[in-house]
Amino acid sequence: MRLTLALLALVAGALAADPTIYFKDQFDDGAKWEDRWVHSTFKGAEAGKFKLTAGKFYGDAEKDKGIQTSTDARFYHASASFDEFSNEGKSLVLQFSVKHEQSIDCGGGYIKLFPSGVDQKKLNGDSDYYVMFGPDICGPATKKVHVIFNYKGKNLLVKKEIRCKDDEFTHLYTLVLNSDNTYEVLIDNERAEGGSLEEDWDFLAPKKINDPEAKKPSDWDDRKKIDDPEDTKPEGYDKPEHIPDPDAEKPEDWDDDVDGEWEPPMIDNPDYKGEWKPRQIDNPAYKGEWVHPQIDNPDYSADENLYLYKDVGAVGFDLWQVKSGTIFDNILVTDDVDHAKAFGKEHLDATKDGEKKMKDEQDEKERKEREAEEAKKKAEEDAKKETEEDEEEADEEEGDAPADDDEEAADDDDDNVAAKDEL
């Protein structure tokens with residue numbers, strides 16, 4: 001009997017430990033991904049389409065396939081639905097990989113969780129969502145990870161700055177939302193940020209506020225330093241900074257009636273010593289910085305369910321990209337952090353080394369081709385220049401030849417004249 005109970009407890013424990021996978025897509029079944037994902041028609045001609053590809057460089061040509069933005073300066077709206085769930089009492093993990101192989105200059109790379117019932121055909125930037133998470137890059141100033149939660153109809157941005165990866169390789173982004181109202185952001189399975197939902201977002205009104213009845217006393221002196229009353233201005237500090245130029249003379253053609261009264265130009269005063277300021281001393285009446293007394297905020301109301309979303313039913317992308325080429329893959333929505341980390345590690349380990357090796361080989365090949373093209377272009381330019389120089393020399397030689405003939409002809413004429421004179 002005891003053995004049976006122990007076995008049952010062991011089985012129950014094993015079942016309880018199994019992760020719940022709400023959604024997973026690695027785009028490893030060819031064109032079937034399009035049966036799961038819905039492209040929104042909301043933007044019409046301005047909408048871009050995702051295409052299935054591993055990109056220009058990868059670790060595995062098939063396993064590294066994901067969906068890629070395909071056209072520059074387009075909106076991308078696509079989503080996949082699943083059985084709705086609530087994360088009440090447990091963790092919610094949202095994870096996906098992003099590869100900006102186009103060296104993105106401005107565009108989003110984030111993903112969203114939507115409530116069930118979202119209109120996928122008309123999905124757009126105004127569609128209600130629960131969570132928005134992932135990298136956003138626009139120029140050198142914006143390279144951050146968005147973590148936005150919807151709370152009572154308002155989209156709340158994280159108050160911390162979380163820097164995203166900005167290279168051309170695949171990176172894994174993981175958001176963990178815990179039932180104790182804490183969170184964690186991981187990039188490539190390493191912690192990038194974490195903490196309290198209440199502290200890092202403006203979910204709630206502040207617990208404390210300044211007492212509206214309290215006012216700084218009129219005799220409160222918060223000046224650390226004051227002018228020394230015994231310090232006096234030395235002689236010579238009354239000289240002005242600029243004086244009329246003593247060497248200037250009124251022009252002879254100056255007409256006061258026409259030009260107005262003449263005034264000499266101003267020059268720097270060599271005797272000017274600058275602005276005098278009295279010496280500073282410690283203020284004997286200094287009381288320190290006045291701190292406004294705080295009181296409990298009557299509008300504050302604690303909420304143990306900041307983390308909670310009761311009907312999550314879809315995942316998707318709502319993006320604008322100036323320069324297309326981003327590949328999204330390995331999308332996972334689960335309740336198990338350890339499973340997400342293991343799943344992510346498996347992908348990263350299989351991809352990163354081969355991906356970098358292939359990219360390095362491509363870069364080296366392009367470098368050699370570029371150098372060969374530059375060498376060829378230089379050789380052509382040198383050959384052209386040499387040809388032009390040869391032609392110029394030939395022209396000069398041809399130009400000199402008639403002059404020699406004329407001189408010989410002139411000499412012959414002179415000889416003939418001389419012969420006639422002798423006769």
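In this chain, residues are counted from 1 in sequence order.
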Can you tell me how the ring of F85 sits relative to the ring of Y22, calling it parallel under 30°, perpendicular over 60° and tilted otherwise?
parallel
Here the pair of heavy atoms bringing G59 nearest to D64 is N-OD2, 2.7 Å
For atom OH of Y58, decide whether the heavy atoms of other residues, nucleotides or ligands shown that lie under 6.0 angstrom number more than 12.
no
Atom CG of D336 and atom CD1 of I21: how far apart are they, to the nearest 0.5 Å?
7.5 Å
Hey, are the side chains of I243 and Y272 touching, using non-hydrogen atoms and a 4.5 Å cut-off?
no
Taking all heavy atoms of E289 and all of Y286, pick out the closest pair and write down the distance.
N-OH, 3.7 Å
Would the distance check show the side chain of K160 and the main-chain N or O of G194 forming a donor-acceptor pair, the cut-off being under 3.5 Å?
yes
Please check if the side chain of Q321 supplies one atom and the backbone of G108 the other of a donor-acceptor pair under 3.5 Å.
yes
If we check salt bridge (Lys or Arg N to Asp or Glu O under 4.0 Å) with D363, which of these qualifies: R367, K365, K359?
K359
Is D166 reaching over with its side chain to a backbone N or O of I137, donor-acceptor style, under 3.5 angstrom?
no
Kindly say whether E304 contributes a backbone atom to a donor-acceptor pair with the side chain of N181 at under 3.5 angstrom?
yes
Would you say that more than 12 heavy atoms from the other residues, nucleotides or ligands in this model lie under 6.0 Å from the CD of E190, or not?
no
Would you tell me whether Q68 and T53 have side-chain atoms, one donor and one acceptor, within less than 3.5 Å of each other?
no
With the side chain counted from C-beta on, respond yes when K352 and T170 share a heavy-atom pair under 4.5 Å apart, and no when they do not.
no
For P206, is there any backbone N or O sitting under 3.5 Å from a side-chain donor or acceptor partner on N297?
yes
Checking V158 against W201 for the side chain to side chain contact (heavy atoms under 4.5 Å, CB included) test, could you report, in this order, the C-alpha distance in whole Å, the side-chain angles of both residues, the deciding distance, and whether it holds?
CA-CA 5 Å; V158 64; W201 283 264; 3.4 Å; yes
Can you confirm whether P135 sits close enough to H100 that some side-chain heavy atom of one is under 4.5 Å from a side-chain heavy atom of the other?
yes
Would you mind reporting whether D253 and D259 have side-chain heavy atoms less than 4.5 Å apart?
no
Tell me if a side-chain donor or acceptor on W254 pairs with a main-chain N or O of G260 at a distance below 3.5 Å.
yes
Does a side chain donor of either T182 or D180 reach within less than 3.5 Å of an acceptor in the other side chain?
yes
Can you find a pair of side-chain heavy atoms, one from D382 and one from K378, that are under 4.5 Å apart?
yes
In this structure, are over 12 heavy atoms from other groups packed under 6.0 Å from K159 atom NZ?
yes
Please work out whether the ring planes of Y151 and F203 are parallel, tilted or perpendicular, with thresholds of 30° and 60°.
perpendicular
Donor + acceptor pair across side chains of N124, H77 (<3.5 Å)
no
CG/L123 to OG/S40 distance, rounded to the nearest 0.5 angstrom?
5.5 Å
Distance from D221 atom CG to N283 atom CG, nearest 0.5 Å?
4.5 Å
Under a 3.5 Å threshold, yes or no: a donor from one side chain and an acceptor from the other, between D318 and Y129?
no
Got a second to check how far D200's CG is from I162's CD1, nearest 0.5 Å?
8.0 Å
Report, as yes or no, whether the 6.0 Å neighbourhood of atom CD on E88 holds more than 12 heavy atoms from other residues, nucleotides or ligands.
no
Begin from the C-alpha positions of K323 and D105 and carry the test salt bridge (Lys or Arg N to Asp or Glu O under 4.0 Å) through to its verdict.
CA-CA 7 Å; K323 190 176 181 182; D105 50 6; 5.4 Å; no
What orientation do F328 and F317 show, parallel under 30°, tilted 30 to 60°, or perpendicular over 60°?
tilted
Answer yes or no on whether K99 is positioned over the face of F57, meaning its NZ or CZ is under 6.0 Å from the six-membered ring centre and within 45° of the axis.
yes
Determine whether a donor-acceptor pair (N or O, by modelled atom type, separation under 3.5 Å) exists between the side chain of Y110 and the backbone of V145.
no
Would the F50 and W37 ring centres measure less than 6.0 Å apart?
no
I'd like to know if the side chain of N269 reaches the main chain of P240, judged simply by a donor and an acceptor atom lying under 3.5 Å from each other, with no hydrogens or angles considered.
yes
Please walk me through it: do L204 and E198 pass side chain to side chain contact (heavy atoms under 4.5 Å, CB included)?
CA-CA 7 Å; L204 307 174; E198 185 171 346; 3.7 Å; yes
Just to verify, what does D72 make a side-chain hydrogen bond (donor to acceptor under 3.5 Å, both in side chains) with, not counting sequence neighbours?
S324
Roughly how far, to the nearest 0.5 Å, is the CG atom of N87 from the OG1 atom of T334?
12.0 Å
For the pair E388 and K384, evaluate side chain to side chain contact (heavy atoms under 4.5 Å, CB included) and give the outcome as yes or no after the intermediate values.
CA-CA 6 Å; E388 290 174 349; K384 181 180 179 182; 3.4 Å; yes
Apply salt bridge (Lys or Arg N to Asp or Glu O under 4.0 Å) to the pair D296 and K208, showing each step before the final yes or no.
CA-CA 5 Å; D296 291 336; K208 299 283 187 179; 2.4 Å; yes
For the backbone of K49 and the side chain of S70, can you confirm whether one donor and one acceptor N or O come within less than 3.5 Å of each other?
yes
For T326 and Q102, which I'm curious about, is there any donor-acceptor pair between the side chains at under 3.5 Å?
yes
Checking side chain to side chain contact (heavy atoms under 4.5 Å, CB included) between W276 and each of D231, T232, D238, which is the one that passes?
D231
Looking at NZ of K287 and NZ of K216, how far apart are the two atoms once the value is rounded to the nearest 0.5 Å?
10.5 Å
Please examine the side chains of V333 and V93, heavy atoms only from C-beta on, and report whether any two atoms are closer than 4.5 Å.
no
Can you see which heavy atom on P278 is nearest to which on D227, and at what distance?
CG-CG, 3.4 Å
For D311, is there any backbone N or O sitting under 3.5 Å from a side-chain donor or acceptor partner on S86?
no
Chi angles and distances behind the salt bridge (Lys or Arg N to Asp or Glu O under 4.0 Å) call for K250, D256:
CA-CA 10 Å; K250 180 178 179 180; D256 288 345; 3.0 Å; yes
Over 12 non-hydrogen atoms of neighbours within 6.0 angstrom of CD in E249
no
Y307 vs L92, side chain to side chain contact (heavy atoms under 4.5 Å, CB included): CA-CA, chis, key distance, verdict:
CA-CA 9 Å; Y307 76 96; L92 170 59; over 6 Å; no
Check: Q280/D228 side-chain N/O donor and acceptor closer than 3.5 Å
no
Tell me which one of K225, R223, K224 satisfies side-chain hydrogen bond (donor to acceptor under 3.5 Å, both in side chains) with D282.
K225
Is there side-chain contact between Y300 and I209, with at least one heavy-atom pair below 4.5 Å?
no
For residues I187 and Y173, determine if any side-chain heavy atom of one lies less than 4.5 Å from a side-chain heavy atom of the other.
yes
Please determine whether salt bridge (Lys or Arg N to Asp or Glu O under 4.0 Å) holds for the pair E366 and R370, giving the CA-CA distance in whole Å, both sets of side-chain angles, and the decisive distance to 0.1 Å.
CA-CA 6 Å; E366 290 175 3; R370 186 170 59 253; 5.3 Å; no
